[in-house]
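Heads up, the thing below is written out as structure tokens.
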Amino acid sequence: NIYPDDERAILDAVNYIADQGHQRIGFIEGRPEFEATIARRRGIEIGCAANHLVLVDDAVKVGDFSPAAGKKLMAEILQLPAATRPTCVICANDDMALGAMRACYERGIKVPDDISIMGFDNVAYARLSTPSLTTINNPIQEMASAGIKRLISIIDNPHQERLSMVMTPALVIRESIGQQN
């Protein structure tokens, strides 16, 4: 097993968001049966508690990793009163984050001036959005390389002990997270 440390990555992201002055956080999570969703939710909860941030219950939504879900769920979040609405919404992947940004655009809400949005995965088009998307880069190439090396090793010696390897994703700071006063 070779997998990213999603919990650590989200915790780093929440720490960054807190450093930018955000106090209320929303989360558009992925499918609840996915291990990545569980780890990312746990990271947000730990990060919010450690930084004394509010995870706004009405702004925690379950999506399906699609841009359409991000757009629909962000529209629901934007219906919350401005005084209780999150100042930053973390999305479980970049597709939902871009859908969320579209929902903001259609309602005249400026990212990051009025609300900040963060994604996860660092897909190629995240840097092309306006504003460019702050996200978390999964080390896919490194994970694939390590997996291929491990597979070749198992082929050469099939009686090897099972191995798990955790790789650390990295925060990619771009333009979609604004500073709060």
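All figures in this text were calculated on a predicted structure; none of them were measured in a lab.
One distance of note links CZ of Arg107 with CD of Gln79; it measures 7.5 Å at 0.5 Å rounding. Residue Gln180 holds its CD atom at 6.0 Å from OG of Ser116, rounded to the nearest 0.5 Å. Taking CG of Leu151 as the reference point, atom CG of Asp156 lies at 9.5 Å (rounded to 0.5 Å).
In terms of the salt bridge (Lys or Arg N to Asp or Glu O under 4.0 Å) criterion, Glu175 has no residue partners (sequence neighbours excluded). Among residues two or more places apart in sequence or in another chain, the side chain to side chain donor-acceptor pair (under 3.5 Å) test is passed with Ser153 by Gln160. Scored by the salt bridge (Lys or Arg N to Asp or Glu O under 4.0 Å) test, Glu33 finds Arg31 as partners (sequence neighbours excluded). Residues passing the side chain to side chain contact (heavy atoms under 4.5 Å, CB included) test with Lys110, sequence neighbours excluded: Asp113, Asp114. Every residue meeting the side chain to side chain contact (heavy atoms under 4.5 Å, CB included) condition with Leu171, not counting sequence neighbours, appears here in chain and number order: Ala13, Tyr16, Met118, Thr134, Ile136, Ile173. By the side chain to side chain donor-acceptor pair (under 3.5 Å) test, Asp19 is found to be paired with no residue, residues two or more places apart in sequence or in another chain being considered. Scored by the side chain to side chain contact (heavy atoms under 4.5 Å, CB included) test, Glu45 finds Arg41, Leu55 as partners (sequence neighbours excluded). Shown here are the side chain to side chain donor-acceptor pair (under 3.5 Å) partners of Arg85, two or more places apart in sequence or in another chain: there are none. By the side chain to side chain donor-acceptor pair (under 3.5 Å) test, Tyr105 is found to be paired with no residue, residues two or more places apart in sequence or in another chain being considered.
Between Ala103 and Ala75, the shortest heavy-atom distance links the atoms CB-N, 4.0 Å. Taking both residues in full, the closest heavy atoms of Pro131 and Ser129 are given as O-OG, 2.7 Å, listed atom of the first, atom of the second, then distance. Residues Pro32 and Val62 approach most closely at CD-CG1, 3.7 Å, considering heavy atoms. Contact detail for Gly30 and Ala92: the closest heavy-atom pair is N-CB, 3.5 Å. Residues Arg174 and Asn122 approach most closely at NH2-OD1, 2.9 Å, considering heavy atoms. Of all heavy-atom pairs spanning Asn138 and Pro169, the tightest one is OD1-CG, 3.4 Å.
Within a 6.0 Å radius of CD in Gln179, more than 12 heavy atoms belonging to other residues, nucleotides or ligands are found.
One hydrophobic cluster holds both Leu133 and Met74 under the rule that ILVMFWY side chains link at heavy-atom gaps under 4.5 Å. At a threshold of 4.5 Å between side-chain heavy atoms, the hydrophobic network of Ile, Leu, Val, Met, Phe, Trp and Tyr places Ile25 and Val56 in two separate groups. At a threshold of 4.5 Å between side-chain heavy atoms, the hydrophobic network of Ile, Leu, Val, Met, Phe, Trp and Tyr places Leu53 and Ile28 in two separate groups. Note on Phe27 and Leu11: separate hydrophobic clusters, where clusters join Ile, Leu, Val, Met, Phe, Trp and Tyr whose side-chain heavy atoms are under 4.5 Å apart, directly or indirectly. If you chain together hydrophobic residues whose side chains sit under 4.5 Å apart, Ile109 and Leu73 fall into the same group.
The hydrophobic cluster containing Ile152 also includes Ile148, under a criterion of side-chain heavy atoms closer than 4.5 Å among ILVMFWY residues, counted directly or through chains of members.
The stretch residues 60-71 participates, sequence neighbours left out, in these side chain to side chain donor-acceptor pair (under 3.5 Å) pairs: Lys61-Glu76, Asp64-Ser66, Lys71-Glu106. Judged as a ring pair (Phe, Tyr, Trp, His ring centres under 6.0 Å), the pairs with a partner in residues 60-86 (not counting sequence neighbours) are, in order, Phe34-Phe65.
The backbone N or O of Ala126 lies less than 3.5 Å from no partner atom in the side chain of Asp94, so there is not a single donor-acceptor pair. With hydrogens and angles ignored, the 3.5 Å screen pairs a side-chain donor or acceptor of Thr135 with a backbone N or O of Phe120.
Between Asp12 and Arg8, the closest side-chain pair of non-hydrogen atoms falls below 4.5 Å. When side chains are defined from C-beta on, Thr168 does not count as touching Pro139, because their heavy atoms never get closer than 4.5 Å. Counting heavy atoms from C-beta on, the side chains of Ile177 and His22 come closer than 4.5 Å. Here the side chains of Ile115 and Leu78 are in contact, with some heavy-atom distance below 4.5 Å. Residues Leu80 and Pro86 have side chains in contact (heavy-atom distance under 4.5 Å, counting atoms from C-beta outward).
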Quick one: do Ile17 and Ile90 satisfy side chain to side chain contact (heavy atoms under 4.5 Å, CB included)? Show the steps, please. CA-CA 10 Å; Ile17 290 165; Ile90 300 171; 3.6 Å; yes
Show your working on side chain to side chain contact (heavy atoms under 4.5 Å, CB included) between Val89 and Cys91 and close with a plain yes or no. CA-CA 6 Å; Val89 175; Cys91 298; 4.2 Å; yes
